[in-house]
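Take a look at the structure set out below.
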Amino acid sequence: MSEVSETIDTDIVIVGGGVAGSALAAALRNSGHRLVVIDQRTGPIDTSRGDHFSPVNVEAFADWGILDGFFAKGATKRIGHEFRTSSGEVLVSAEYTELGIKYPYFLVYHHDLMAETFQEFAAESKNYQLFQPYAAKSFDIEDGSIKSVTAVSPEGKSITVRAHLVIASDGAASPIRAALRFPTFEHPYRRTMVAFFATRPADLSPEDYFFRYSDPSGVLVIQQRNDGQVKITMPIGDEGVPWWKVSSQEQRAEVLGERAHILRGLETEMGGFYPVRMIHALQYVSGNTVLVGDAAHAIHPARGQGLNMGIGALPELLKHIPSPSEISNPAKVAAGLLAYEQVQKPKYERVMARNHAAAMDMELSADDNHEFFLKRQDDAIRKMALIPEARRLHLLEGTGYHFGVPGVDEVEF
Ligand SMILES: Cc1cc2nc3c(=O)[nH]c(=O)nc-3n(C[C@H](O)[C@H](O)[C@H](O)COP(=O)(O)OP(=O)(O)OC[C@H]3O[C@@H](n4cnc5c(N)ncnc54)[C@H](O)[C@@H]3O)c2cc1C
């Protein structure tokens, strides 16, 4: 039973203060809009999620005036990547300076701190209010628009927020997407992902690179964190989740060491198991409400793009949010959001399709016949590295410049 009830009128309400919603709040901090963020979390969501903001998003952070703030808080850089065989033969090695982009690096920042850091930036605005932990429980919907959101704290305090624009950044299970009955396209992947943490192996270099290792037994990726650890992720093969759950240090070291010899004997801590599902909303917008982040497009982590797609859509969305003096006009809000959807949706259809292809490659790498498949994949990567156009596409997609670098090239996939 609610003990206290409060009604708040605002310009924009963001439901879901994960990475995508909080990044938008930070980007809006100087816009002059009144902003309310509602989030139900009591702590970090899941420490195994992505730690690397892609170069295209680093460029956005610079535009929003928050890039220096991240460095001040300890963010580091990742400047390149290498795909290697288990024994260390290099299939492709690249640094992002090759692309001629302004910020040729990923920003490495601990996932657990991301949302909170964006919220700190957002709090520089006197028009910003955060309600956390508050769970949005009901939505007053009229003609496809959400007129108000009612959220409740664990103590039973209730707030009703009436807003001109509603941002649904409430994650892959999105209660708002369900309330608005948005249809989705979904694909459940067969292979669960597993994540491990470990102290960085001393001989894993360069220090500021991402690594993918492949062996006839399977693939894995190693990503640096900025706490001296690395995160190792891979799809689980036929041994299955129960085997990994009870696995000993020695058993884990044996499997990881086979896929990447550099990990032989490594002590690991289990990060978690992730059944993966692609979910793409068939529409992002209804009236005054727009889906953002995983609520709109949850993807397989094969390319480490999930959080980066969520942030990557924000510069386009920001262009279409009416100014504070116009946001109370429902027609302007609806038209702005539709214009956003018309630009962003077709782009993300293609990014999702490419990601799905990479996800299927990862599935096959853990499937029957994976030895043959992995050999073919290694050969394709070796060739790609030597063909300038293919290599550039590989780097553009990896860094979030899916459609080319503005002013440098325009790429059709
Ligand atoms: C194992 C794994 C590894 C990954 N690795 C990478 C990677 O390397 N690179 C990458 O870019 N991405 C990666 N991702 C994906 C990435 O983590 C997600 O895409 C990203 O975190 C999604 O952000 P979001 O803000 O859209 O959603 P979320 O982070 O899920 O945030 C949603 C927020 O909404 C809140 N919420 C939900 N319902 C309500 C409600 N009713 N009321 C109030 N609040 C609510 C939740 O509390 C949460 O804070 C990975 C994901 C997984 C699972």
Side-chain angles (χ1 to χ4, degrees), residues 13-25 36-54 56-57 78 106-109 111-112 114-116 118-119 130-139 149-154 159 161 166-179 189 192-197 210 212 221-225 231-236 270-279 281 291-314 351 355 359 362 398-400:
V13 62
I14 297 179
V15 182
V19 177
S22 302
L24 181 60
V36 169
V37 176
I38 299 171
D39 191 273
Q40 69 184 12
R41 270 183 305 118
T42 48
I45 298 184
D46 184 334
T47 198
S48 299
R49 291 174 166 217
D51 296 310
H52 295 207
F53 293 119
S54 59
V56 77
N57 289 330
R78 162 185 145 200
F106 281 73
L107 195 67
V108 181
Y109 198 64
H111 190 89
D112 287 355
M114 284 180 178
E116 279 61 32
F118 283 125
Q119 285 167 15
L130 172 67
F131 289 90
Q132 189 181 37
Y134 273 78
K137 296 279 189 200
S138 61
F139 310 101
V149 177
T150 299
V152 182
S153 77
I159 50 160
V161 181
V166 179
I167 308 287
S169 44
D170 48 355
S174 181
I176 293 190
R177 193 182 63 221
Y189 295 100
T192 299
M193 300 291 290
V194 58
F196 310 93
F197 298 110
F210 161 98
R212 174 188 181 277
V221 299
I222 309 177
Q223 284 175 276
Q224 88 227 43
R225 310 196 102 187
K231 180 176 86 170
I232 303 162
T233 37
M234 58 182 227
I236 291 184
M270 289 301 288
F273 299 94
Y274 302 92
V276 196
R277 191 177 192 90
M278 178 225 282
I279 307 173
L291 304 182
V292 163
D294 276 14
H297 37 67
I299 57 168
H300 191 287
R303 290 189 160 189
Q305 287 177 330
L307 82 92
N308 284 303
M309 280 181 75
I311 297 170
L314 300 181
V351 176
N355 190 83
M362 204 169 242
T399 52

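What you see below is based on every heavy atom in this structure, not just the backbone, and it leaves out hydrogens, waters and symmetry mates. For ligands, and for the atoms within them, numbers begin at 1 and follow the listed sequence.
Each of R225, Q223, K231, H111 was evaluated against D51; a single residue qualifies, R225, per the side-chain hydrogen bond (donor to acceptor under 3.5 Å, both in side chains) test. Considering S48, P275, P235 in turn, P235 is the only one that fulfils the side chain to side chain contact (heavy atoms under 4.5 Å, CB included) rule with M193.
The protein non-hydrogen atom at the shortest distance from atom 7 (C) of ligand 1 is G50 CA, 3.2 Å. Of the protein's non-hydrogen atoms, the one nearest atom 37 (C) of ligand 1 is D170 O, 3.3 Å. The single protein non-hydrogen atom nearest to atom 3 (C) of ligand 1 is S48 O, 3.5 Å, given as residue, atom name and distance. Protein heavy atom nearest atom 31 (O) of ligand 1, with residue, atom name and distance: G18 CA, 3.5 Å. Scanning the protein for heavy atoms near atom 34 (O) of ligand 1, the closest one is G16 CA, 3.3 Å.
In the vicinity of G293, heavy-atom distances shorter than 4.0 Å reach the ligand 1 atoms 26 (O). The atoms of ligand 1 that sit less than 4.0 Å from any heavy atom of D294 are 18 (C), 19 (O), 22 (C), 26 (O). Numbered from 1 in the order shown, with element, the atoms of ligand 1 that lie under 4.0 Å from a heavy atom of G304 read 7 (C), 8 (O), 9 (N), 10 (C), 11 (O). Under a 4.0 Å criterion applied to the non-hydrogen atoms of S169, ligand 1 contributes the atoms 32 (C), 33 (C), 34 (O). Interface atoms of ligand 1 facing Y274, defined by a heavy-atom separation under 4.0 Å, are 1 (C), 53 (C).
At distances below 3.5 Å, at least one donor-acceptor pair connects side-chain atoms of N57 with backbone N or O atoms of N308. Side chain of N355 to main chain of H300: a donor-acceptor pair is present (N/O by atom type, distance under 3.5 Å, no hydrogens or angles). At least one donor-acceptor pair under 3.5 Å links the side chain of R177 to the backbone N or O of A295.
L307 has its side chain within reach of M114: a pair of non-hydrogen atoms, C-beta onward, lies under 4.5 Å apart. Contact of the T150 side chain with the I159 side chain is not registered, since no non-hydrogen atoms from C-beta on lie closer than 4.5 Å. Side-chain atoms of V56 and T399, non-hydrogen and from C-beta on, never get closer than 4.5 Å to each other.
Here's the thing with A295: none of its N/O atoms is less than 3.5 angstrom from an N/O atom of ligand 1. Polar contact check, L307 against ligand 1: a nitrogen or oxygen pair lies under 3.5 Å apart. Considering both main-chain and side-chain atoms, V19 comes within under 3.5 Å of ligand 1 through a nitrogen or oxygen pair. In terms of polar-atom proximity, defined here as any N/O pair under 3.5 Å, P301 makes no such contact with ligand 1. Any N or O atom pair closer than 3.5 Å counts here, and D39 shares at least one such pair with ligand 1.
F118 and F53 have perpendicular rings, their planes meeting at more than 60° on a 0 to 90° scale where under 30° would count as parallel.
When the heavy-atom distances from atom 24 (P) of ligand 1 to A20, A23, G17 are ranked, the shortest goes to A20. Within the set R49, Q305, Q40, the minimum heavy-atom distance to atom 28 (P) of ligand 1 is found for R49. In the candidate list A173, G171, A115, S138, G171 is nearest to atom 32 (C) of ligand 1, counting heavy atoms.
The part of H111 lying near ligand 1 is the side chain, judged by heavy-atom distances below 4.0 Å. Contacts with ligand 1 closer than 4.0 Å are made by heavy atoms of both the backbone and the side chain of A136. The side chain of Q223, and not its backbone, has at least one atom closer than 4.0 Å to an atom of ligand 1 (non-hydrogen atoms only; side chain from C-beta on).
When only modelled atom types and interatomic distance are considered, Y274 and T192 share no side-chain donor-acceptor pair under 3.5 Å.
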Next item on the list: Would you check, one step at a time, whether the test side chain to side chain contact (heavy atoms under 4.5 Å, CB included) holds for I279 with H297?
Entry: CA-CA 6 Å; I279 307 173; H297 37 67; over 6 Å; no

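Rounded to the nearest 0.5 angstrom, I167 CD1 and L24 CG are separated by 5.0 Å. Note: Y134 OH to I38 CD1 = 9.5 Å, rounded to the nearest 0.5 Å. Interatomic distance, Q40 CD to Q132 CD, rounded to the nearest 0.5 Å: 10.0 Å.
Distances shorter than 4.0 angstrom occur between a heavy atom of Y134 and an atom of ligand 1. Residue contacts with ligand 1 include P175, since one of its heavy atoms falls under 4.0 Å from the ligand.
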